[in-house]
Amino acid sequence: GAAPAGGFSTNGSVSAGSSASVGNIPAGSSCTVTEGAKPPVTNYTWGVEQITNPGGPMAAGGTLAAAIANSLTRDQVSVTINKTVTGAPATGAPGNYGFSLVCDTGTYTGAVGIAANGVSGSATVQVPKGATCSALNETGKATPPANYSWAAESTTPPAGAIATGAVGSIVNPLKTNAKVTLQKTGPRVVLTGEQFNYTLTLTNTGELPTGPILSVQDLLPEGMEFVSAQGDICTGAASDKQTLLTCAVPGPLTEAGGATPSATFTVTVKAPTTAGALTNYAATHPSGSGNPPSPPGAACDAATTSCANWSTDVNTPAALAVEKSAPVINAAAGLNQYTASYQLTVRNTGGSDGSYTLSDTPGFAGSATLTSINAQPAGGGVLGGSAFPRSNPANGAEQQIGASSLPIAAGVTHTYTVTIDYTMVGGTALACNGSAGNGAFNTASIVGTTAASASACGDLTGQATA
């Protein structure tokens with residue numbers, strides 16, 4: 001029939017990608033199509049539908065065609081990528097840090113910027129809602145600060161299906177480069193021509209290991225002779241009357257707190273034959289790789305090089321000598337009793353401290369009977385052996401005068417006054433002829449040195465027997 005006055009409407013439904021028909025449309029009708037509610041699609045948003053209305057009016061027994069086009073758009077979520085740098089200096093780690101987020105819907109890239117003096121930052125990247133991301137990769141880093149290096153980063157992609165508030169993170173550790181210090185030790189005093197050792201110690205105070213070989217240069221003072229190095233790691237070459245050693249120390253040294261952050265070796269040398277104050281210089285590269293930027297010496301540049309030195313005084317050996325004065329003979333209070341007094345002197349004329357044990361051996365003529373011996377120290381001397389005075393000392397027996405192994409500094413003199421009381425038998429004067437058994441002869445000697453003994457004598461004075 002004919003279209004009713006005032007129009008009419010009818011409803012229907014159609015599945016996506018298919019078609020549907022509506023019947024009983026009166027002839028002569030002009031039709032428009034509208035779309036009602038659409039079913040929700042998870043993680044997608046419907047776009048505005050595009051409708052093509054039928055032309056027409058409807059002819060009797062005819063058909064009209066209409067079309068509806070619907071678009072779905074995947075919902076997007078802002079995923080935050082946080083960047084943190086650990087171990088940075090006070091100046092931070094500014095710069096750009098690229099990343100890529102790998103998801104089942106594609107790979108999404110971006111960059112995090114860190115401002116001056118900063119150590120953290122963040123950036124967002126748009127990712128389809130509901131996507132699952134398997135990896136967060138770093139694609140670029142800023143240049144590390146001076147004396148630092150990047151360690152391996154750790155990354156954490158967003159967990160689960162991407163939704164509002166999704167976050168991934170990248171942590172970049174900064175480690176201080178290997179920083180090698182050098183220490184050198186040895187004796188403070190040696191003798192001319194003496195062989196001795198220097199000890200050199202390398203220590204890594206950085207957070208990264210050194211290279212496999214560390215180079216140490218050691219400049220020996222003029223006149224010092226290179227003997228050997230522990231492990232035969234050093235070779236020597238003359239340098240302006242000095243010897244420059246180059247030592248290849250096996251590494252690597254581990255980071256501070258690691259298994260082997262230090263290495264120690266010894267260099268054996270022979271002191272010059274002349275006395276004097278000497279300084280030995282050594283240097284190494286603070287990175288633990290290559291020769292030192294500044295050579296060893298008084299001008300070694302500590303700003304670029306790990307420098308070390310050790311000062312040693314080379315002294316001549318101790319030179320001890322003993323001297324003995326001729327005895328002074330005086331009559332004592334008793335009949336035929338006399339006293340012989342003399343002085344013993346020990347001198348150290350060498351350049352080093354020494355020690356000695358002083359003894360005195362009376363060798364009086366047989367007509368003298370020794371009744372006592374006494375000693376008094378002077379000028380730094382110290383008595384030793386049994387206490388003084390000693391009664392009835394045996395003629396020809398050694399008497400210890402000074403303390404055992406008594407120290408005596410270079411340039412110092414010790415003196416002792418020795419007094420022997422004796423009685424003459426026979427009442428005659430016996431002249432000294434310079435040998436034991438004649439006159440008031442005695443010999444002083446010191447142990448602990450190669451110095452010769454000293455002897456002296458005087459005439460024994462007799463007195464008639466009552």
Chemist: We want to know whether Ser311 and Thr279 form a side-chain donor-acceptor pair, criterion being a heavy-atom distance below 3.5 angstrom.
Modeler: yes
Chemist: Step through the shown structure and confirm whether more than 12 heavy atoms of other residues, nucleotides or ligands are within 6.0 Å of NZ on Lys179.
Modeler: no
Chemist: Is a side-chain donor or acceptor of Ser325 paired with a backbone partner of Gln343 at a separation under 3.5 angstrom?
Modeler: yes
Chemist: Just verifying a value: how many Å separate Phe99 CZ and Glu153 CD, rounded to the nearest 0.5 Å?
Modeler: 13.5 Å
Chemist: Spell out, as yes or no, whether a donor-acceptor pair under 3.5 Å connects the side chain of Asp421 to the backbone of Thr371.
Modeler: no
Chemist: In terms of side-chain geometry, is the basic nitrogen of Lys175 or Glu255 positioned less than 4.0 Å from the acidic oxygen of its partner?
Modeler: no
Chemist: Out of curiosity, Thr42 OG1 to Asp75 CG, how far, rounded to the nearest 0.5 Å?
Modeler: 9.5 Å
Chemist: Assess whether a salt bridge exists between Glu323 and Arg347, defined as any Lys/Arg side-chain N lying under 4.0 Å from an Asp/Glu carboxylate O.
Modeler: yes
Chemist: Take Ser262 and Leu253, measure what side chain to side chain contact (heavy atoms under 4.5 Å, CB included) needs, and give me the verdict at the end.
Modeler: CA-CA 6 Å; Ser262 297; Leu253 300 183; 5.7 Å; no
Chemist: In sequence, state the C-alpha distance, the side-chain angles, and the governing distance for Ser391 and Ser372, and then conclude on side-chain hydrogen bond (donor to acceptor under 3.5 Å, both in side chains).
Modeler: CA-CA 4 Å; Ser391 298; Ser372 71; over 6 Å; no
Chemist: Please find the pair of heavy atoms, one from Pro221 and one from Gln242, that lie closest to each other, and give the distance.
Modeler: CA-NE2, 4.0 Å
Chemist: I'd like to know if the side chain of Ser306 reaches the main chain of Val180, judged simply by a donor and an acceptor atom lying under 3.5 Å from each other, with no hydrogens or angles considered.
Modeler: yes
Chemist: Please check this pair: side chain of Ser355 against backbone of Pro407, looking for a donor-acceptor N/O pair closer than 3.5 Å.
Modeler: no
Chemist: Can you measure from OG1 (Thr357) to CD1 (Ile446) and round to the nearest 0.5 angstrom?
Modeler: 9.5 Å
Chemist: May I ask you to decide if Ser294's main-chain N or O and Asp301's side chain share a donor-acceptor pair within less than 3.5 Å?
Modeler: no
Chemist: Taking the side chain as every heavy atom from C-beta outward, state whether Trp150 and Leu174 have any pair of such atoms under 4.5 Å apart.
Modeler: yes
Chemist: For residues Ile81 and Leu136, determine if any side-chain heavy atom of one lies less than 4.5 Å from a side-chain heavy atom of the other.
Modeler: yes
Chemist: For the pair Asn348 (side chain) and Gly411 (backbone), establish whether a donor and an acceptor sit closer than 3.5 Å, ignoring hydrogens and angles.
Modeler: no
Chemist: Is the closest side-chain heavy-atom distance between Ser149 and Pro144 below 4.5 Å?
Modeler: no
Chemist: Tell me yes or no: between the side chains of Gln126 and Ser78, is some donor less than 3.5 Å from an acceptor?
Modeler: yes
Chemist: Are more than 12 heavy atoms from other residues, nucleotides or ligands located less than 6.0 Å from atom CG of Asn147?
Modeler: no
Chemist: For Asp218, run the side chain to side chain contact (heavy atoms under 4.5 Å, CB included) check against Thr243, Leu200, Leu244, Thr284 and tell me which one passes.
Modeler: Leu200
Chemist: Decide side chain to side chain contact (heavy atoms under 4.5 Å, CB included) for Leu383 and Phe388; before the verdict, give the C-alpha distance in whole Å, the side-chain angles of both, and the deciding distance to 0.1 Å.
Modeler: CA-CA 9 Å; Leu383 296 179; Phe388 288 99; 3.9 Å; yes
Chemist: How about Leu344 and His414: do any of their side-chain heavy atoms sit closer than 4.5 Å?
Modeler: no
Chemist: Report yes if the side chains of Ile170 and Lys83 come closer than 4.5 Å at any heavy-atom pair, otherwise no.
Modeler: yes
Chemist: For residues Pro272 and Met224, report the shortest heavy-atom separation together with the two atoms involved.
Modeler: CG-N, 3.9 Å
Chemist: Do Thr139 side-chain atoms and Gly98 backbone N/O form a donor-acceptor pair below 3.5 Å?
Modeler: yes
Chemist: Relative to the ring of Tyr422, is the ring of Tyr338 parallel (under 30°), tilted (30 to 60°) or perpendicular (over 60°)?
Modeler: parallel
Chemist: Looking just at side-chain N and O atoms, do Thr201 and Thr264 make a donor-acceptor pair shorter than 3.5 Å?
Modeler: yes
Chemist: Closer than 3.5 angstrom, by distance alone: can the side chain of Asn309 be matched with the main-chain N or O of Tyr281 as a donor-acceptor pair?
Modeler: no
Chemist: Just wondering, are more than 12 heavy atoms of other shown residues or ligands nearer than 6.0 Å to NZ in Lys270?
Modeler: no
Chemist: Testing the basics here: between Thr339 and Ala332, what is the closest heavy-atom pair and its distance to 0.1 Å?
Modeler: OG1-CB, 4.3 Å
Chemist: So, Trp310 side chain and Pro187 main chain: donor-acceptor pair closer than 3.5 Å or not?
Modeler: yes
Chemist: Over all heavy atoms of both residues, which pair between Ile114 and Gly121 is shortest? Give the atoms and the distance, please.
Modeler: CG1-N, 4.1 Å
Chemist: Could you tell me which non-hydrogen atom of Val119 sits nearest to which non-hydrogen atom of Ala88, and how far apart they are?
Modeler: CG1-CB, 3.8 Å
Chemist: Would you say that Pro362 contacts Leu370 through its side chain, given a criterion of any heavy-atom pair below 4.5 Å between the two side chains?
Modeler: yes
Chemist: Can you see whether Tyr342 has Lys324 sitting over its ring - NZ or CZ less than 6.0 Å from the centre and within 45° of the normal?
Modeler: yes
Chemist: State, with a plain yes or no, whether a side-chain heavy atom of Asn172 is found less than 4.5 Å away from one of Thr84.
Modeler: no
Chemist: Are Leu320 and Ile408 close enough, and set up right, to give a side chain to side chain contact (heavy atoms under 4.5 Å, CB included), and what steps lead you there?
Modeler: CA-CA 9 Å; Leu320 273 60; Ile408 182 169; 4.0 Å; yes
Chemist: Distance-only, no hydrogens or angles: does the Thr419 side chain make a donor-acceptor pair with backbone N or O of Asn374 under 3.5 Å?
Modeler: no
Chemist: For the residue pair Thr210 / Asn204, report whether a side-chain donor-acceptor contact shorter than 3.5 Å exists.
Modeler: no
Chemist: When rounded to the nearest 0.5 angstrom, what is the spacing between CD in Gln230 and SG in Cys247?
Modeler: 11.0 Å
Chemist: Evaluate Thr268 against Asn197 for side-chain hydrogen bond (donor to acceptor under 3.5 Å, both in side chains), listing each step before the verdict.
Modeler: CA-CA 4 Å; Thr268 303; Asn197 291 336; 2.6 Å; yes
Chemist: Output the distance between atom CG (Asn177) and atom CG (Leu208), rounded to the nearest 0.5 Å.
Modeler: 6.0 Å
Chemist: Looking at CG of Leu191 and OG1 of Thr273, how far apart are the two atoms once the value is rounded to the nearest 0.5 Å?
Modeler: 13.0 Å
Chemist: Please report the shortest heavy-atom distance between Thr316 and Gly351, naming the atom on each side.
Modeler: OG1-N, 2.8 Å
Chemist: Is any side-chain heavy atom of Glu138 closer than 4.5 Å to one of Ser100?
Modeler: no
Chemist: Walk me through whether Val127 and Gln76 qualify under side chain to side chain contact (heavy atoms under 4.5 Å, CB included).
Modeler: CA-CA 5 Å; Val127 178; Gln76 302 293 304; 5.5 Å; no
